[in-house]
Amino acid sequence: MLSGVVVISSKDSVQHQGVSLTMEGTVNLQLSAKSVGVFEAFYNSVKKKLGLTRVIQESFSEKCLWLVVLALCYQTFLLALCTAPVALHIEPIQIINSTIDVLKPGKIPSGKTEVPFEFPLLVKGSKVLYETYHGVFVNIQYTLRCDMRRSLLAKDLTKTCEFIVHSAPQKGKLTPSPVDFTITPETLQNVKERASLPKFFIRGHLNSTNCAITQPLTGELVVEHSDAAIRSIELQLVRVETCGCAEGYARDATEIQNIQIADGDICRNLSVPLYMVFPRLFTCPTLETTNFKVDRVSLCSPGCPGTHSEDQAGLELRNPPASASQVLGLKVCATTTTWLSFEVNVVVLLHADHLITENFPLKLCRT
């Protein structure tokens, strides 16, 4: 239940046609530039069927230059036409959308008027009320909009504010999962010239990788030996956002925050504490769901009658065609997508421009 007060301040009395509150909760999914390749197969197949061919040849005379320009414009238009449906059909998914009236038409006296309200959080259908999260390619946001309708000669008044939703605490006690780690040249991966690396030995531990989102991440790190001087040691929090369907997944990892825990060539065998507080709006409990799927997908090959779509609550194809292969990008199967997760990196930067990174997946929850 969301409760609060609508405050109306006016020097004079105000005639109105009603005051209402609208609650909206949406999930916005966005593809990054490098993830557009998921839809590359669709683009290539349509391009071939349109019969687009290159019209530029080195032997063209100056008299035909205007034909080349015209053909290029036409080709650009057709390419934009082919790729437009892919982007247009990734629309915000509504979790909540409801409206209540708080004042009937009438007149509000001058001065300050307060109207209390209570608004139940009722989700649409079988959807789940997820926690507020502000990411790069995934956003879960809840807003409350107040509208005052007025006469035809007066402009309607609107005010929107965001409110924060917390998920229900998990049942049972959180089980700690401590992790001890050792970083040496032999434990590193993705190294091209291991022989050129300086000798070093770094050890440490994290008190738990199962973390309560309201509690800090803690641990310690000790540099026992390093031939090269250390420039900096940092603790980096990373979000991993996955948006996908049966045809492919777009997985993007981006940095949330970076905390420097040591500066310069620190003393050997000195315990360096690790401490990081999870930022509220940019983290949320680790989420695993199949509910977020693109609705009303209409990417059909030529000759495929009708429009076919996919249920958001499940993966059931509505109005299937005679041949399932005629629908591009859809398969009648169930897949589980972990689409919001978090990781922490311990980053050691040496003076020889060597960057050492140790990665630890985290599981965040609310207790």
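This is a predicted model, so every value here is computed, not measured.
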D12 side, atom CG; K107 side, atom NZ - distance, nearest 0.5 Å: 10.5 Å
Test item: side-chain donor near acceptor, Q236 and E255, under 3.5 Å: yes
T283 side chain reached by I256 side chain, heavy atoms, under 4.5 Å: yes
Side chains of N345 and T357, donor plus acceptor under 3.5 Å: no
Option passing side-chain contact (heavy atoms from CB on, under 4.5 Å) with I233 (candidates V272, V223, L349): V223
Close side-chain approach of F278 to L362, heavy-atom, < 4.5 Å: yes
Lys/Arg-Asp/Glu bridge criterion (N-O < 4.0 Å) met for R145, D147: yes
Over all atoms of both residues, closest heavy-atom pair of F282 and Y133: O-CE1, 3.4 Å
Within one Ile-Leu-Val-Met-Phe-Trp-Tyr cluster: I259 and L270, side-chain cutoff 4.5 Å: no
Closest heavy-atom pair and its distance - L355, V347: CD1-CG1, 3.3 Å
Heavy-atom side-chain proximity of V346 to L235 below 4.5 angstrom: yes
Side-chain touch S151/Q15, heavy atoms, less than 4.5 angstrom: no
Sub-4.5 Å side-chain heavy-atom contact between P273 and E220: no
Between H134 and R280: side-chain donor-acceptor atoms closer than 3.5 Å: no
Test item: E118 side-chain N/O and M1 main-chain N/O as donor-acceptor pair under 3.5 Å: no
Pair F360 + F181: ring centers closer than 6.0 Å: yes
Between NZ on residue K363 and CZ on residue F342, distance to nearest 0.5 Å: 13.5 Å
Trace of the side-chain contact (heavy atoms from CB on, under 4.5 Å) decision for Q94 with K124: CA-CA 8 Å; Q94 282 195 338; K124 299 179 63 176; 3.3 Å; yes
Audit row: C284, L340, side-chain contact (heavy atoms from CB on, under 4.5 Å) steps and yes/no: CA-CA 8 Å; C284 69; L340 278 183; 3.7 Å; yes
Interatomic spacing from CD in E358 to CD1 in I183 - rounded to 0.5 Å: 4.5 Å
L206 side, atom CG; M276 side, atom CE - distance, nearest 0.5 Å: 10.5 Å
Distance-only donor-acceptor check, side chains T22 and T99, under 3.5 Å: yes
R203 side chain near E224 side chain, heavy-atom distance below 4.5 Å: yes
Nearest atoms (heavy-atom pairs only) where V277 meets Q257: O-NE2, 3.0 Å
Shortest non-hydrogen separation from Y130 to I95 and the atoms involved: CD1-CD1, 4.1 Å
hydrophobic_cluster_shared for L364 and L174, side chain cutoff 4.5 Å: no
No-hydrogen, no-angle side-chain donor-acceptor test under 3.5 Å, S177 and T209: yes
Shared hydrophobic cluster, V7 / F119 (ILVMFWY, side-chain heavy atoms < 4.5 Å): no
T184 OG1 to K199 NZ distance, which is reported to the nearest 0.5 Å: 9.0 Å
In one Ile/Leu/Val/Met/Phe/Trp/Tyr side-chain cluster, 4.5 Å: F201, V348: no
Check: H205 main-chain N/O paired with D180 side-chain donor or acceptor under 3.5 Å: no
Distance-only side-chain donor-acceptor flag, Q141 / T26, under 3.5 Å: no
Pair D101-S20, side chain to side chain donor-acceptor pair (under 3.5 Å): steps then yes or no: CA-CA 4 Å; D101 292 326; S20 62; 4.6 Å; no
Side-chain H-bond candidate by donor/acceptor type, H351 with D353, under 3.5 Å: no
Between Y142 and E131, a side-chain donor and acceptor under 3.5 Å: no
Criterion side-chain contact (heavy atoms from CB on, under 4.5 Å) against M148, the qualifying member of L103, I8, T158, V102: I8
Inter-residue atom distance N359.CG - Q189.CD, 0.5 Å rounding: 10.0 Å
Other residues, nucleotides, ligands: >12 heavy atoms within 6.0 Å of Y275 OH: no
P198 side chain reached by L350 side chain, heavy atoms, under 4.5 Å: yes
Q260/S232 under side-chain contact (heavy atoms from CB on, under 4.5 Å): CA gap, chis, key distance, verdict: CA-CA 7 Å; Q260 186 181 41; S232 175; 2.9 Å; yes
Donor-acceptor contact below 3.5 Å, side chain Q170 vs main chain R366: no
E234 side chain reached by I261 side chain, heavy atoms, under 4.5 Å: no
Nearest heavy-atom neighbours spanning T175 and N210: O-ND2, 3.3 Å
Between T254 and R239: side-chain donor-acceptor atoms closer than 3.5 Å: yes
Connected via hydrophobic side-chain network under 4.5 Å: V138 and L129: yes
Worked verdict on L221 versus I202 for side-chain contact (heavy atoms from CB on, under 4.5 Å): CA-CA 7 Å; L221 180 142; I202 302 172; 3.9 Å; yes
Exercise: identify the closest heavy-atom pair between K112 and S9: CG-OG, 4.0 Å
